[in-house]
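Position 1 is the first residue of the sequence; numbering continues from there.
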Amino acid sequence: MHEFYPLLSVGAVIGVVSIVFIIAYFSVKDRKEAMGFDRNMSDGEILKRLLKYAKPYVGQFIFVLFIMLVSVAYDIISPLIIGDIEDMIVGDFEMSEILAYIAVYASILIISMICTYVQAIVLQKIGQKILSALREDLMKHIESLSHAQLNNIPVGKLVTRVTNDTNAISVMFTNILVNLIKNFFVIVGVLCAMLALNYQLTLMVLCFVPFILLFTVIFRKFSRRAYRRVKDGTTDINTFISEHLSGMKIIQIFNREDRKLGEFQQRNKKLEKAQTQQIFTFAIFRPLVYMLYVSSILCLFYLGGRGYIKETVFLGQTITSGTVVSFYMYISKFYNPIQNLAEQFNWLQSALASAEKIFTIFDMVPEIQDEPDAIDLETCEGNIEFKNVWFAYNEGEWVLKDVSFKVNAGETVAFVGATGSGKTTILSLICRNYDIQKGQILIDGVDIKHYTVSSLRRHFGQMLQDVFLFSGTIRSNIVLREDSFTDKEIMSVCRYVNADKIIEKLDKGLDEEVRERGNNFSAGQRQLLSFARTIIHKPEVMILDEATANIDTETEILIQDSLEKMMNIGTLLIVAHRLSTIRKADRIIYLSHGEILESGTHDELLELKGHYYELYMLQFEKENLLQNN
């Protein structure tokens with residue numbers, strides 16, 4: 001009995017470790033809310049949707065599977081060859097026989113290495129194609145979302161979905177799934193080879209498998225918690241950085257650098273803690289599996305050594321030195337895939353969690369969609385009519401209340417009123433940036449919902465108060481990357497709206513660099529460039545929102561001149577706080593709390609001496625006061 005004390009000692013150590021981790025497993029509650037648990041889709045549903053992207057590459061995946069089986073053959077055959085060589089060396093042998101075995105071993109090794117290389121290359125190409133297709137579809141879907149939907153999603157979160165989460169899915173196709181299959185085949189193949197070689201020693205090795213499964217289950221729980229926390233922390237910090245880098249000027253103006261740095265440090269520490277927990281989880285699991293591996297090796301050497309040295313048998317089978325060597329290699333090849341399976345399964349879960357976050361974006365149904373029988377708006381005269389329009393951004397909080405008016409083709413109509421009266425909302429509704437709840441909006445006598453959104457917006461030119469310029473050049477911002485416009489056409493439009501006076505002062509002219517958001521140009525300069533960008537695409541209806549807000553007097557004169565020219569192009573809708581910019585409008589509509597209170601020309605409304613008159617006199621007195629000072 002004392003001969004088995006070493007084996008019993010090993011079993012006792014493993015048993016104590018198992019009890020400790022079982023207690024830890026049940027003592028930690030899996031609080032989903034605390035972990036940011038948001039898995040609502042089943043793994044099967046997610047995989048089914050992901051496999052649509054892999055479907056075009058089925059043939060290549062089958063090819064990878066075939067060469068993978070060839071490389072697996074090396075893991076199964078090589079220990080047998082080494083074992084046979086060991087037995088030959090111990091007994092009488094011919095050098096030619098050993099060289100033959102070595103040649104076979106080297107051939108299998110070379111073939112396996114070639115197959116592994118080809119497998120990696122093919123999978124990486126497939127993965128990049130899948131990643132590219134997924135990102136394009138995701139970006140296309142994000143572009144289809146309405147303004148309201150985009151306003152509800154932080155930019156940093158969308159960036160994380162398009163970059164980090166899609167990368168996780170790419171890794172799943174190029175690494176995780178294939179290696180899961182490969183490891184499964186290796187385990188099955190090695191187990192069959194061990195049983196054929198010596199089933200008694202195989203049974204000894206299998207005694208450790210329940211403990212491997214136990215540790216794997218425990219590891220899964222803790223690693224999943226760690227993965228979720230890391231992903232949530234990454235999304236949180238990306239969102240924070242995206243927002244605060246855009247608003248860095250405001251942070252500096254109000255001297256809030258230290259406070260914002262403190263907020264960043266909190267998020268950074270949270271992510272650091274999550275990543276540390278993830279590393280710590282692996283730091284425990286790997287040594288545990290390695291402990292089982294070493295324990296099985298020790299048992300192998302103990303039983304094999306006793307059996308070979310004393311020339312006895314173990315459970316009826318003779319154990320040779322070759323058997324011990326082969327089993328030593330097989331045990332290593334048996335444990336490595338099991339350890340990898342546990343880790344790869346959790347990576348798979350991480351990838352599936354990323355996929356679900358992406359599909360959450362895909363499942364957002366665009367609020368602005370074409371009707372099934374929608375038609376293209378081929379030509380637009382520019383007649384616009386609002387019929388009893390009611391609109392609210394939030395249910396029950398009406399921004400427009402039973403608004404009705406008509407704009408004839410070629411007219412210039414201005415909307416004035418206090419902040420929040422609904423002026424900008426009216427302009428947004430005409431282009432279907434939002435859909436109304438009640439009433440109708442007609443373009444050339446047809447409800448705008450009967451037109452396709454793309455064809456409708458093609459006839460409108462929107463010039464907003466907060467002009468957005470993309471990184472690139474002045475030319476690329478005016479033509480928006482279209483190559484059909486010549487420099488002569490571009491400069492002609494720029495002269496028409498007075499933007500040429502800006503361009504001619506620049507060293508590189510149209511090729512002058514535009515930095516992020518156009519921050520190397522003033523607000524007035526950006527506005528003039530936006531005029532050129534709008535006019536060059538020849539819209540039938542132009543929408544202008546607060547063109548003269550926050551600009552210098554010199555630029556305002558240029559913009560006023562541009563406005564007068566644009567009034568002759570087509571229908572022009574203007575929102576303005578400076579009433580001096582809209583004196584020549586064909587009609588002025590005064591709004592208050594979402595209702596039209598007055599409508600008429602500048603002179604008619606002054607004679608009426610109502611709300612518009614009061615607003616005009618207030619601005620007139622303010623301007624006189626500023627001039628006197």
Please say whether more than 12 non-hydrogen atoms of neighbouring residues, nucleotides or ligands are located less than 6.0 Å from CE in Met248.
-> yes
Verify the neighbour count for atom NZ of Lys270: are there more than 12 heavy atoms of other residues, nucleotides or ligands below 6.0 Å?
-> no
Please name the pair of heavy atoms, one in [X] and one in [Y], separated by the smallest distance, quoted to 0.1 Å.
{"X": "Thr239", "Y": "Lys157", "result": "OG1-N, 3.3 Å"}
{"X": "Val514", "Y": "Ile474", "result": "CG2-N, 3.6 Å"}
{"X": "Ile436", "Y": "Val389", "result": "CG2-CG1, 3.7 Å"}
{"X": "Ser170", "Y": "Gln128", "result": "OG-NE2, 4.2 Å"}
{"X": "Glu540", "Y": "His459", "result": "OE1-ND1, 2.9 Å"}
{"X": "Ser530", "Y": "Val467", "result": "CB-CG1, 3.7 Å"}

Quick test of your reading of the model: are [X] and [Y] salt-bridged, counting only N-O distances below 4.0 Å?
{"X": "Glu263", "Y": "Lys260", "result": "yes"}
{"X": "Lys269", "Y": "Glu272", "result": "yes"}
{"X": "Arg475", "Y": "Asp487", "result": "yes"}

[Y] backbone acceptor or donor facing [X] side chain under 3.5 Å:
{"X": "Ser476", "Y": "Gly472", "value": "no"}
{"X": "Asp511", "Y": "Thr473", "value": "no"}
{"X": "Asn498", "Y": "Cys494", "value": "no"}
{"X": "Asn164", "Y": "Ser354", "value": "no"}
{"X": "Glu356", "Y": "Ala351", "value": "no"}
{"X": "Asn167", "Y": "Thr163", "value": "yes"}
{"X": "Gln275", "Y": "Val230", "value": "no"}
{"X": "Gln149", "Y": "Ser146", "value": "yes"}
{"X": "Glu371", "Y": "Tyr451", "value": "no"}
{"X": "Asn433", "Y": "His147", "value": "no"}

Using side chain to side chain donor-acceptor pair (under 3.5 Å) as the criterion, list what pairs up with Arg256, not counting sequence neighbours.
-> none
With Thr452, which residues qualify under side chain to side chain donor-acceptor pair (under 3.5 Å), at least two apart?
-> Asp376, Ser455
Could you go through the salt bridge (charged side-chain N to carboxylate O under 4.0 Å, His left out) check for Glu45 and Lys48 one step at a time?
-> CA-CA 5 Å; Glu45 180 185 354; Lys48 184 178 179 180; over 6 Å; no
Please round to the nearest 0.5 Å and tell me the distance separating atom [atom1] of [X] and atom [atom2] of [Y].
{"X": "Arg458", "Y": "Cys431", "atom1": "CZ", "atom2": "SG", "value": "13.5 Å"}
{"X": "Arg533", "Y": "Arg526", "atom1": "CZ", "atom2": "CZ", "value": "11.0 Å"}
{"X": "Leu131", "Y": "Ile169", "atom1": "CG", "atom2": "CD1", "value": "8.5 Å"}
{"X": "Tyr393", "Y": "Tyr434", "atom1": "OH", "atom2": "OH", "value": "5.0 Å"}
{"X": "Leu400", "Y": "Ile596", "atom1": "CG", "atom2": "CD1", "value": "9.0 Å"}
{"X": "Arg135", "Y": "Asp165", "atom1": "CZ", "atom2": "CG", "value": "10.5 Å"}

Close aromatic pair by centroid cut-off 6.0 Å: Phe485 and His537 | yes
Using the ring of each side chain (for Trp, its six-membered ring), is [X] parallel, tilted or perpendicular to [Y], with breaks at 30° and 60°?
{"X": "His141", "Y": "Phe362", "value": "tilted"}
{"X": "Tyr612", "Y": "Tyr616", "value": "parallel"}
{"X": "His244", "Y": "Phe240", "value": "parallel"}

Below 4.5 Å, heavy atoms only, C-beta onward: do [X] and [Y] meet side chain to side chain?
{"X": "Thr174", "Y": "Val178", "value": "no"}
{"X": "Gln369", "Y": "Val365", "value": "yes"}
{"X": "Thr534", "Y": "Pro539", "value": "yes"}

By side-chain contact (heavy atoms from CB on, under 4.5 Å), which residues pair with Ser592, not counting sequence neighbours?
-> Tyr590, Leu597
Check against salt bridge (charged side-chain N to carboxylate O under 4.0 Å, His left out), Asp363 and Arg49 | CA-CA 12 Å; Asp363 291 340; Arg49 295 178 68 170; 2.9 Å; yes
